[in-house]
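Every heavy atom of this structure was used, including side-chain atoms; hydrogens, water molecules and symmetry mates were not. Atoms within each ligand, like the ligands themselves, are counted from 1 in listed order. Residue indices begin at 1 and follow the sequence shown.
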Amino acid sequence: MEKLPFERPVIKKLNAGMPGKFGMKTAITPVTHIDQVAVNDMMEEHGSPLFVISENTLRRTYREAKRAFDTRYPKVQFAWSYKTNYLNAVCSVFHQEGAWAEVVSGFEYKKALALGVEGRHIIFNGPDKKREDLIVAINNNSLIHIDHFDEMYMLNELADETGKKPMVAIRVNMDVGIYPMWDRFGFNYENGEAWDALNRIMTVGKLQLTGLHTHIGTYMLSSEAYRLAAAKLAGLAAGLEGKYGHVLGYIDVGGGFASKNTLKGAYYSGADTAPGFDEYAEAISSALVNSAIKPENMPLLILETGRALVDDAGYVLGTVIANKRLADGRRSTILDIGVNILFTSFWYDHQISPARPVSEHTEETTIYGPLCMNIDVIKEAAVMPLLKTGDRVVISRVGAYNMTQWMQFITMRPRVVMIGTDRRVHLVREGEELETINSLERMPEHLKEFRL
Ligand SMILES: *Cc1c(COP(=O)(O)O)cnc(C)c1O
């Protein structure tokens, strides 16, 4: 066994805390390697902090999700939710696995095209599709999911202008027993607005109605909510069959499956409570096959799963800057990972592990980031070993949303590497530097000089 570094003895206040079903877990397991690559080696080469993505985990998770649906429903297609993580390398892994692209802005649309995704494999969602973006999407035969009536009218106009019949679906919002309800996107099911939209598309006849879409929320812990959503969309599809003899190509139930992260304040860990892909797949598939849609007309089932496919594959590595006693005696540790690069620390109790073996001494510690801001708290109360300045830590399950919502604030956004399936470490995004920021700025002539 390796000789552990000396730690001074401490007298600590016993803190009862909140035991879970299995008591209070205090054993700390270090994370010294990711996919058999040493954390220390990666940090020596690429600096700190450092985001790490496991290609293996991306592919394994995708295949697990795909299998869960393929074994229960005849036709399944995933579309990768770009906003969840649109690093090109990450998108490419999912596209190699067969996923289409799901985008919510002109920028994301262009990113997918530039990566080589064909227009007909791009789903264009969101409330803000610019006229010029829609023209490109129409000419590329992309699947446009209408969010509101104004967008429908614009599409009718563009159909005349382009001489094409755009392929559209409507986004439907609905009551699936989850409150607050996400009712700001799309057309409401319960008050008849969805039918109003469908009837207009069918009677005006300028658009090609190819599918139905919903996205009920994010981090949804209830698979029953998906059963209801799929059943309601299937009801609309069956209604279209009956009323117009119109057969839809697909039903898209959106994203929102929970990842294994633990929400702040949750009693049990997310790994124990989040439904698995099988549970979601069971609910959705059974709602569709048991619906009134004729068996020969079963639509393609599209899933826009984001978070649950990518969260586990992401890590952020960081370094202890200092330890401090707060005025009330609490221990606090300052890391070089701030909330500006780890947005999800606002709602997740992230798992923070030391990157070296540690003794069993632990103390409840508040983990701060390096920003000069009071809100820069990575974790309010982490049971942590006594780490020293320079010690390294690994924060797990950070693959979703952090590498898209991160912001350059006080510090630079760091490098991102991907550990390939061959265990080689590839740099997939450079770290920002002063020049990166300054290259965007312009200095008015009269401000170029000063004397102090
Ligand atoms: C964000 C989003 C997704 C992905 O959601 P996750 O919670 O990450 O699975 C899918 N579809 C739409 C329309 C979205 O806006």
Side-chain angles (χ1 to χ4, degrees), residues 58 61-62 64-66 68-69 76-87 90-91 94 99-109 111-112 121-129 133 137 142-148 151 168-174 176 178 181-187 211-223 225-226 229-230 233 250-261 263 270 274-277 279-281 283-284 301-314 343-344 346-348 397-405:
L58 287 179
T61 314
Y62 181 88
E64 196 187 309
K66 186 81 165 60
F69 283 89
V76 179
Q77 179 63 53
F78 278 80
W80 173 238
S81 158
Y82 265 45
K83 77 168 187 295
T84 311
N85 188 322
Y86 45 55
L87 284 173
V90 170
C91 296
F94 288 125
W100 294 356
E102 185 272 328
V103 304
V104 292
S105 69
F107 154 69
E108 289 187 2
Y109 187 95
K111 213 167 196 290
H121 293 148
I122 303 179
I123 294 172
F124 199 175
N125 281 321
D128 175 29
K129 307 183 194 76
D133 300 330
S142 297
L143 305 168
I144 301 167
H145 290 178
I146 306 174
D147 186 74
H148 46 262
E151 188 171 276
V168 301
I170 60 161
R171 175 159 175 176
V172 182
N173 68 63
M174 56 182 82
V176 289
I178 304 287
M181 197 171 113
W182 274 31
D183 59 358
R184 60 165 287 196
F185 303 110
F187 303 90
L212 290 169
H213 174 231
T214 190
H215 173 61
I216 57 176
T218 193
Y219 199 93
M220 308 297 290
L221 283 165
S222 154
S223 56
Y226 284 94
L233 290 188
Y250 64 89
I251 280 183
D252 178 345
V253 296
F257 298 161
S259 73
K260 297 193 185 75
N261 255 308
L263 288 177
F277 290 119
E279 213 175 302
Y280 290 117
I284 294 167
L301 167 60
I302 298 182
L303 297 137
E304 302 170 347
T305 312
R307 189 189 297 282
L309 286 180
V310 75
D311 225 7
D312 278 8
F343 251 72
T344 50
F346 288 126
W347 55 88
Y348 284 153
R397 297 200 172 111
V398 304
Y401 293 101
N402 287 306
M403 283 162 263
T404 47
Q405 293 189 46

Undergrad: I'd like to check the side-chain contact (heavy atoms from CB on, under 4.5 Å) partners of Ala258; sequence neighbours left out, ordered by chain and number.
TA: Tyr219, Leu221, Ala274, Tyr280
Undergrad: Is there a side-chain contact between Leu303 and Val253 in this structure, where contact means two heavy atoms from C-beta onward sitting under 4.5 Å apart?
TA: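 Result yes, sub-4.5 Å side-chain heavy-atom pair found.
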Undergrad: For the side chain of Lys129 and the backbone of Glu151, is there at least one donor-acceptor N/O pair under 3.5 Å apart?
TA: no
Undergrad: For His213, give me all partners under side-chain hydrogen bond (donor to acceptor under 3.5 Å, both in side chains), at least two apart in sequence or on another chain.
TA: Asn125, His145, Glu304
Undergrad: Does any donor atom in the side chain of Arg307 or Thr218 lie under 3.5 Å from an acceptor atom in the other side chain?
TA: yes
Undergrad: Run through all N or O atoms in ligand 1 and write down each protein N or O closer than 3.5 Å, as a pair with its distance.
TA:
residue: ligand 1; atom: 5 (O); partner: Tyr401; partner atom: OH; Å: 3.4
residue: ligand 1; atom: 7 (O); partner: Thr218; partner atom: OG1; Å: 2.4
residue: ligand 1; atom: 7 (O); partner: Gly256; partner atom: N; Å: 3.3
residue: ligand 1; atom: 8 (O); partner: Thr84; partner atom: OG1; Å: 3.3
residue: ligand 1; atom: 8 (O); partner: Arg307; partner atom: N; Å: 2.8
residue: ligand 1; atom: 8 (O); partner: Tyr401; partner atom: OH; Å: 2.5
residue: ligand 1; atom: 9 (O); partner: Gly256; partner atom: N; Å: 2.7
residue: ligand 1; atom: 9 (O); partner: Gly306; partner atom: N; Å: 2.8
residue: ligand 1; atom: 9 (O); partner: Arg307; partner atom: N; Å: 3.4
residue: ligand 1; atom: 11 (N); partner: Glu304; partner atom: OE1; Å: 2.6
residue: ligand 1; atom: 15 (O); partner: Lys83; partner atom: NZ; Å: 2.6

Undergrad: For Ala112, enumerate each residue passing the side-chain contact (heavy atoms from CB on, under 4.5 Å) test, keeping only those at least two apart in sequence or located in another chain.
TA: Tyr82, Ala101, Val103, Val117, Ile122
